[in-house]
Amino acid sequence: MDFDLAPPVGVGPLRIGMTRQSANTALDSLRDPSALSESDRPGQHVFRPSGLMISIHCMRDMLEAVELGRPSTQADRVVFRGLDVFALPARELVQCMGEYTSIEADPDDPACFVASDLLLSFWRPFEADDEPEEEQGYCFSTVLLARPGYYDTPAQAAERLRQSL
């Protein structure tokens with residue numbers, strides 16, 4: 001199954017801004033009843049048979065972010081504008097993403113890249129640019145799709161609040 005990232009809207013049935021109850025129901029709909037994982041935590045995350053982890057983050061009774069973890073098989077793919085975000089080497093994905101938007105390494109974690117205009121971030125456990133044998137660092141391990149304002153600094157959040165009043 002393909003999971004198309006559609007920032008800032010969401011992914012699959014998970015829509016940024018939906019209520020926690022609706023998010024829990026949507027998350028539950030992504031479970032495979034024929035292959036339930038003992039690692040599933042209702043209202044938090046599910047693991048599909050492919051190994052794909054889907055996690056929801058709610059605050060103030062609202063879905064604010066969805067995180068997807070790299071599957072171990074290609075039965076599930078996470079896609080953004082035709083790019084399989086977990087199959088491409090991390091550096092290649094960053095280069096391709098740069099054609100759509102600004103994407104930068106997190107100054108505190110060079111293994112993490114943030115496309116703040118798209119409200120997407122990509123993470124891997126460590127930076128290993130050109131070592132295909134280094135499976136955990138060669139490709140990204142997780143992608144997070146968030147609500148507008150999620151990546152704001154305190155000053156940006158204050159300005160966003162001022163503008164909404």
Side-chain angles (χ1 to χ4, degrees), residues 1-17 23 26-27 30-32 37 39-41 44-59 63-157 159-160:
M1 168 183 259
D2 281 358
F3 290 85
D4 290 308
L5 298 171
V9 175
V11 57
L14 295 164
R15 299 291 184 235
I16 299 298
L27 180 65
L30 297 172
R31 298 174 77 194
D32 183 339
S37 171
S39 298
D40 287 357
R41 296 290 174 262
Q44 294 178 359
H45 58 260
V46 299
F47 286 83
R48 293 184 43 84
S50 68
L52 176 71
M53 181 270 307
I54 305 167
S55 178
I56 59 173
H57 305 272
C58 295
M59 186 174 281
L63 181 63
E64 68 170 20
V66 179
E67 184 176 11
L68 298 109
R70 186 172 179 218
S72 51
T73 72
Q74 285 291 307
D76 288 322
R77 297 181 333 134
V78 178
V79 180
F80 177 74
R81 294 190 179 180
L83 302 171
D84 185 333
V85 302
F86 294 130
L88 288 173
R91 288 287 176 194
E92 185 178 334
L93 180 65
V94 168
Q95 183 178 8
C96 291
M97 292 292 297
E99 295 173 13
Y100 298 112
T101 190
S102 172
I103 183 167
E104 299 188 9
D106 182 323
D108 298 324
D109 183 358
C112 179
F113 285 79
V114 178
S116 55
D117 291 345
L118 290 176
L119 305 163
L120 292 174
S121 66
F122 303 88
W123 178 85
R124 54 192 168 160
F126 53 87
E127 189 177 16
D129 300 340
D130 299 315
E131 299 296 327
E133 301 80 31
E134 194 56 65
E135 187 175 319
Q136 290 187 349
Y138 188 60
C139 295
F140 286 110
S141 298
T142 65
V143 60
L144 182 100
L145 185 150
R147 65 165 172 73
Y150 190 85
Y151 296 107
D152 286 357
T153 64
Q156 290 168 322
E159 178 60 27
R160 185 183 295 274

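Quick caveat, the model's predicted, so the values are computed rather than measured.
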Side-chain donor-acceptor contacts of residues 105-121 below 3.5 Å, not counting sequence neighbours, with atom names and distances?
unit_1: Asp106; atom_1: OD1; unit_2: Asp108; atom_2: N; d: 2.7
unit_1: Asp109; atom_1: OD1; unit_2: Ala111; atom_2: N; d: 3.1
unit_1: Asp109; atom_1: OD2; unit_2: Trp123; atom_2: NE1; d: 3.3
unit_1: Ser121; atom_1: OG; unit_2: Tyr151; atom_2: OH; d: 3.0

Could you name each residue pair satisfying salt bridge (charged side-chain N to carboxylate O under 4.0 Å, His left out) that touches residues 46-56, not counting sequence neighbours?
-> Arg48-Asp76
So among Leu145, Leu83, Ile54, Val85, which one has a side-chain contact (heavy atoms from CB on, under 4.5 Å) with Val78?
-> Val85
Partner set under ring-ring contact (aromatic ring centres under 6.0 Å, His included) for Phe47, not counting sequence neighbours = His45
Out of curiosity, Met53 CE to Ser72 OG, how far, rounded to the nearest 0.5 Å?
-> 12.5 Å
What is the distance from atom CZ of Arg124 to atom SG of Cys139, rounded to the nearest 0.5 Å?
-> 9.0 Å
So, for Arg147 and Ile16, which heavy atoms are closest and what is the spacing to 0.1 Å?
-> CB-CG2, 3.4 Å
Show every donor-acceptor pair shorter than 3.5 Å between a side-chain atom in residues 7-15 and any protein atom, with sequence neighbours excluded, or say none if there are none.
unit_1: Arg15; atom_1: NH1; unit_2: Gly12; atom_2: O; d: 2.8
unit_1: Arg15; atom_1: NH2; unit_2: Gly12; atom_2: O; d: 3.4

Stepwise side chain to side chain contact (heavy atoms under 4.5 Å, CB included) test for Val143 and Phe80 = CA-CA 11 Å; Val143 60; Phe80 177 74; over 6 Å; no
Residue list, side-chain contact (heavy atoms from CB on, under 4.5 Å) with Gln95, at least two apart or on another chain | none
By salt bridge (charged side-chain N to carboxylate O under 4.0 Å, His left out) - contacts of Asp40 (at least two apart) = Arg31
List for me each residue that meets side-chain contact (heavy atoms from CB on, under 4.5 Å) alongside Glu99, sequence neighbours excluded, and say none if there are none.
-> none
Straight-line distance of Thr142 OG1 to Arg70 CZ, nearest 0.5 Å = 11.5 Å
State which residues pass salt bridge (charged side-chain N to carboxylate O under 4.0 Å, His left out) with Glu67; sequence neighbours excluded, sorted by chain then number.
-> none
Looking at Asp84 and Gln74, what are the two nearest heavy atoms and their distance?
-> OD2-OE1, 3.3 Å
Could you state the interatomic distance from CE (Met1) to CZ (Arg77), rounded to the nearest 0.5 Å?
-> 12.5 Å
side-chain hydrogen bond (donor to acceptor under 3.5 Å, both in side chains) filter on Asp32, not counting sequence neighbours, yields Ser34
How would you list, by chain and number, every residue that makes a side-chain contact (heavy atoms from CB on, under 4.5 Å) with Pro71, sequence neighbours excluded?
-> Ser50, Leu52, Phe86
